[in-house]
Novice: 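This is the structure I have questions about; it appears just below.
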Amino acid sequence: MFDITLSSEMPTAAEMFINGQWVERGQTNALEVENPSNENVIATIPDGNAEDARKALTSAKKAQAAWAAMPSAERGSLVASLADQVAAQRPHLARLVTLEQGKPLSHALQEIDAGITFLRYAVENARRIEGDIVTSDNRSEEIHIRRHPYGVVVGLTAWNYPFALAARKLGPALVAGNTFVLLSHEATPLSGLALAQLSDKAGFPAGVFNVVTGRGRVVGEALVRSPLSDLVTMTGSTRAGREIYKSGAEDIKVIRLELGGKAPFLVMEDADIDSAVSAAVAARYTNCGQICTCNERMYLHRSIADEFLEKFIAASEALKIGDPLGNVDLGPKVSRVERDKVADVVAQSISSGADILLKGGILEDGPFAKGHWLAPTVLEATRNDNPAVREEIFGPVATAVRVDDFDMAVAYANDTSFGLSAYLFTRDYKRLAEAPYRLKFGELYLNRSNGEAVQGFHTGWGLSGLGGEDGRYGFDGYLRKQTAYLNWG
């Protein structure tokens with residue numbers, strides 16, 4: 001059984017959770033799970049294969065009919081019990097997230113709290129599965145529209161919020177009557193395994209929740225392509241989203257994708273500069289910039305650009321970087337590969353004409369000799385086609401572009417294939433009222449930093465995804481509709 005406490009950093013051998021049982025690795029190869037702050041191996045997991053995917057899906061398919069037949073309030077009660085188990089293990093789970101992902105412990109505690117909120121909100125929907133009776137064109141007839149679960153849901157989660165993203169999908173899927181197979185990202189699989197352990201303690205029937213481990217290109221593809229899976233919900237990169245979309249095409253699989261972003265951060269001449277700077281810092285550097293809604297490109301009105309950048313750079317320099325189990329603002333990037341991707345984009349951007357306002361970059365000396373460390377970098381570009389302005393960076397790199405007016409800022413903001421989130425700081429009510437019509441993004445933050453509410457709807461446009469999460473619209477995404485024409489004439 002997996003030990004969620006991980007009381008030491010001695011490697012722990014994890015197993016998969018299939019049909020209510022911990023399945024031993026057997027002849028399956030192993031993958032190492034690394035602590036990104038010191039590169040120590042903290043666990044090994046099975047490097048799963050297509051057969052592991054098939055077993056998990058078969059288990060979920062077998063359990064689904066009985067689970068769907070259970071009153072939704074009873075399903076909700078079990079999910080509530082899971083939330084209680086998570087709350088009881090909050091400190092251990094947060095430490096686990098920090099060890100495998102690298103975010104500061106204070107942020108990891110917030111992630112566990114978010115996971116609890118996702119689960120509890122899903123429970124609230126247990127008595128809100130509704131239908132409609134619509135009048136017919138025919139005599140002695142009614143049209144009934146009902147909601148039903150899809151069946152077996154496959155969840156593919158990213159490494160930036162390994163616990164919260166799993167809970168965000170699991171809660172509504174289960175309350176709606178689906179069963180679930182989770183593939184946690186191979187870099188951060190321990191949170192998903194811990195969630196499985198707690199679901200077992202909460203009393204879930206065997207097969208309702210299964211967790212497999214391994215690489216997305218192997219296990220993930222098998223889960224998506226299998227005729228046993230009915231709906232696939234994925235949070236991750238746009239590249240991975242395209243591959244999943246293609247893999248599900250043959251069976252016309254129902255796909256929900258929450259993908260990358262390149263959020264513009266507009267600051268106009270009438271903005272509260274201190275408030276905008278504070279929000280820009282939080283929206284850029286939280287979780288080492290590894291959030292899809294992060295402030296990725298700042299469009300600053302020329303009249304306030306100098307003041308804004310002076311304060312933003314000072315705040316960036318003041319951030320404390322170090323051991324994420326301590327009292328710090330920034331931990332490491334999740335892996336060496338991800339760290340180097342960020343450094344490469346910065347180098348390309350400078351070669352393409354961006355100016356360095358704060359050098360930052362890779363840290364490798366002293367306490368940073370081990371781990372994947374990046375200090376905040378601030379660039380200024382004069383062109384909207386600079387790599388730092390075009391490509392999702394997903395790291396502690398902020399890029400500023402000066403604009404002449406609101407129209408120019410909006411035009412630059414919309415000049416992207418992404419459409420997840422956008423920010424606007426202004427005191428002009430007309431601009432605030434126009435923003436939802438002019439900014440082509442699924443999520444807007446107007447005079448505030450990022451951080452969506454569970455009762456909202458987190459959705460991306462364009463290359464940022466399909467479908468969405470949270471609120472009644474997100475919950476409804478786990479239910480399909482059936483129309484029945486009832487004639488008694």
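If you read the sequence from its start, that first residue is 1, and numbering goes on from there.
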Novice: Using modelled atom types only, decide if a donor and an acceptor are shared between the side chain of Thr117 and the backbone of Asp113 within a distance under 3.5 Å.
Specialist: yes
Novice: Less than 4.5 Å apart, any side-chain heavy atom of Ile393 and any of Val346?
Specialist: no
Novice: Between Leu446 and Ala435, which heavy-atom pair has the shortest distance, and what is it?
Specialist: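 Reported closest heavy-atom pair: CD2-CB, 4.0 Å.
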Novice: Report yes if the side chains of Val153 and Leu174 come closer than 4.5 Å at any heavy-atom pair, otherwise no.
Specialist: no
Novice: I need the Ile145 CD1 to Gln482 CD distance, nearest 0.5 Å.
Specialist: 10.5 Å
Novice: For Tyr285 and Ser316, which I'm curious about, is there any donor-acceptor pair between the side chains at under 3.5 Å?
Specialist: yes
Novice: Would you say Asn450 and Glu443 are linked by a side-chain donor-acceptor pair, where the criterion is simply a distance under 3.5 Å?
Specialist: no
Novice: Would Arg336 and His372 count as having a side-chain donor-acceptor pair, cut-off 3.5 Å?
Specialist: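 There is such a pair (donor and acceptor under 3.5 Å, judged by atom type) between the side chains of Arg336 and His372.
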Novice: Would a line drawn from the ring center of Tyr299 to the ring center of Tyr412 be shorter than 6.0 Å?
Specialist: yes
Novice: Salt bridge between Asp84 and Arg120, side-chain N to carboxylate O under 4.0 Å?
Specialist: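 Arg120 and Asp84: salt-bridged.
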Novice: Would you check if the side chain of Ser81 reaches a backbone N or O of Ala202 as a donor-acceptor pair within less than 3.5 Å?
Specialist: no
Novice: Just how far is it from atom CG of Leu156 to atom CD1 of Ile255, taken to the nearest 0.5 Å?
Specialist: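 Taking CG in Leu156 and CD1 in Ile255, the distance rounds to 8.5 Å.
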Novice: Using a strict 4.0 Å threshold on nitrogen-to-oxygen distance, state whether Arg390 and Asp385 make a salt bridge.
Specialist: no
Novice: Any donor-acceptor pair under 3.5 Å linking the side chain of Asn295 with the backbone of Ala283?
Specialist: no
Novice: How long is the span from the CZ atom in Phe209 to the OG1 atom in Thr179, to the nearest 0.5 Å?
Specialist: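 Interatomic distance, Phe209 CZ to Thr179 OG1, rounded to 0.5 Å: 11.5 Å.
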Novice: Can you tell me how far apart OG (Ser421) and CG (Leu444) are? Round to the nearest 0.5 Å.
Specialist: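 Nearest 0.5 Å value for the OG-CG distance: 8.5 Å.
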Novice: Kindly determine whether Gln101 and Phe163 satisfy side chain to side chain contact (heavy atoms under 4.5 Å, CB included), including the steps that lead there.
Specialist: CA-CA 10 Å; Gln101 197 272 338; Phe163 190 89; over 6 Å; no
Novice: Before giving the answer on salt bridge (charged side-chain N to carboxylate O under 4.0 Å, His left out), spell out for Lys262 and Glu296 the whole-Å C-alpha distance, their side-chain angles and the decisive distance to 0.1 Å.
Specialist: CA-CA 5 Å; Lys262 190 66 183 175; Glu296 285 264 343; 2.7 Å; yes
Novice: Is the side chain of Arg402 donor-acceptor paired with the backbone N or O of Thr382 at a distance under 3.5 Å, no angle test?
Specialist: no
Novice: Any donor and acceptor pair, going by atom type alone, linking the side chain of Asn125 with main-chain N or O of Arg128 inside 3.5 Å?
Specialist: no
Novice: Looking just at side-chain N and O atoms, do Ser335 and Glu34 make a donor-acceptor pair shorter than 3.5 Å?
Specialist: no
Novice: Work out which heavy atom in Glu111 is nearest to a heavy atom in Pro162; give both atom names and the distance.
Specialist: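 Closest approach of Glu111 to Pro162: OE2-N, 3.2 Å.
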Novice: Does this structure show an ion pair linking Lys341 with Glu338, if we count only N-O contacts that are shorter than 4.0 Å?
Specialist: yes
Novice: When you check the side-chain N and O atoms of Tyr445 and Glu452, is any donor under 3.5 Å from an acceptor?
Specialist: yes
Novice: Assess whether atom CD of Glu317 is packed by more than 12 heavy atoms of other residues, nucleotides or ligands within 6.0 Å.
Specialist: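 For Glu317, atom CD is crowded (more than 12 foreign heavy atoms under 6.0 Å).
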Novice: With side chains defined as the heavy atoms from C-beta onward, is the minimum distance between Pro396 and Leu374 less than 4.5 Å?
Specialist: yes
Novice: Show, in sequence, the C-alpha distance, side-chain angles and deciding distance for Ile129 and Phe475, and conclude whether the side chain to side chain contact (heavy atoms under 4.5 Å, CB included) test is met.
Specialist: CA-CA 9 Å; Ile129 301 174; Phe475 182 76; 3.8 Å; yes
Novice: Under 6.0 Å from the CZ atom of Arg302, do we count more than 12 heavy atoms belonging to anything else shown?
Specialist: yes
Novice: Side chains of Thr157 and Thr188: does their closest heavy-atom pair fall under 4.5 Å?
Specialist: no
Novice: So how far is it from Leu424 CG to Met268 CE, rounded to the nearest 0.5 Å?
Specialist: 6.5 Å
Novice: For Leu99 and Asn40, run side chain to side chain contact (heavy atoms under 4.5 Å, CB included): C-alpha distance rounded to whole Å, both residues' side-chain angles, the deciding distance at 0.1 Å, then the answer.
Specialist: CA-CA 10 Å; Leu99 288 176; Asn40 291 343; over 6 Å; no
Novice: Can you give me the closest heavy-atom contact between Leu300 and Ala305, atom names plus distance?
Specialist: CB-CB, 4.0 Å
Novice: Between the side chain of Glu258 and the main-chain N/O of Glu469, is any donor-acceptor distance below 3.5 Å?
Specialist: no
Novice: Do the charged groups of Arg431 and Asp270 touch, with an N to O distance under 4.0 Å?
Specialist: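 Yes, Arg431 and Asp270 are salt-bridged.
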Novice: Keeping the roles fixed (side chain from Glu186, backbone from Arg215), state whether a donor-acceptor pair exists under 3.5 Å.
Specialist: no
Novice: Answer yes or no: does atom CZ of Arg127 have more than 12 heavy-atom neighbours from other residues, nucleotides or ligands under 6.0 Å?
Specialist: no
Novice: List the atom of Gly477, the atom of Leu231, and the distance in Å for their closest heavy-atom pair.
Specialist: O-CD1, 3.6 Å
Novice: Locate the shortest heavy-atom distance separating Ala108 from Thr98; write the atom from each residue and the value.
Specialist: CB-OG1, 3.3 Å
Novice: Aromatic ring centroids of Phe265 and Phe425 under 6.0 Å?
Specialist: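 Centroid separation for Phe265 and Phe425: below 6.0 Å.
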Novice: Mark yes or no for whether Thr238, through its side chain, and Leu463, through its backbone, hold a donor-acceptor pair below 3.5 Å.
Specialist: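 Checked: pair present.
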Novice: Would a distance-only check, ignoring hydrogens and angles, find a side-chain to backbone donor-acceptor pair under 3.5 Å from Lys440 to Tyr437?
Specialist: yes
Novice: Taking the side chain as every heavy atom from C-beta outward, state whether Lys169 and Thr235 have any pair of such atoms under 4.5 Å apart.
Specialist: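 Yes, their side chains come closer than 4.5 Å.
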Novice: Side chains of Val328 and Asp323: does their closest heavy-atom pair fall under 4.5 Å?
Specialist: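 Result no, sub-4.5 Å side-chain heavy-atom pair not found.
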Novice: Any ion pair linking Asp428 and Lys430 (charged N to carboxylate O, less than 4.0 Å)?
Specialist: no
Novice: Evaluate Val410 against Leu266 for side chain to side chain contact (heavy atoms under 4.5 Å, CB included), listing each step before the verdict.
Specialist: CA-CA 8 Å; Val410 169; Leu266 284 60; 4.3 Å; yes
Novice: Side-chain contact, heavy-atom cut-off 4.5 Å: Phe394 with Val342?
Specialist: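 Phe394 does not reach Val342 side chain to side chain.
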Novice: Give a yes or no answer on whether the side chain of Asn35 reaches the backbone of Ser37 with a donor-acceptor pair at less than 3.5 Å.
Specialist: yes
Novice: Starting at CD of Glu269, measure out to CD1 of Ile304 and round the result to the nearest 0.5 Å.
Specialist: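 With rounding to 0.5 Å, CD (Glu269) is 8.0 Å from CD1 (Ile304).
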Novice: Would you say that Thr233 contacts Tyr478 through its side chain, given a criterion of any heavy-atom pair below 4.5 Å between the two side chains?
Specialist: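 The answer is yes; the side chains approach within 4.5 Å.
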Novice: May I ask you to check whether over 12 heavy atoms, not counting those of Tyr245, lie within 6.0 Å of atom OH?
Specialist: no
Novice: Counting only heavy atoms from other residues, nucleotides and ligands, does the tally under 6.0 Å from NZ of Lys246 exceed 12?
Specialist: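 Result for NZ/Lys246: open.
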Novice: Give me the atom names and distance for the closest heavy-atom approach of Pro324 to Lys103.
Specialist: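 Closest approach of Pro324 to Lys103, heavy atoms only: CB-O, 3.4 Å.
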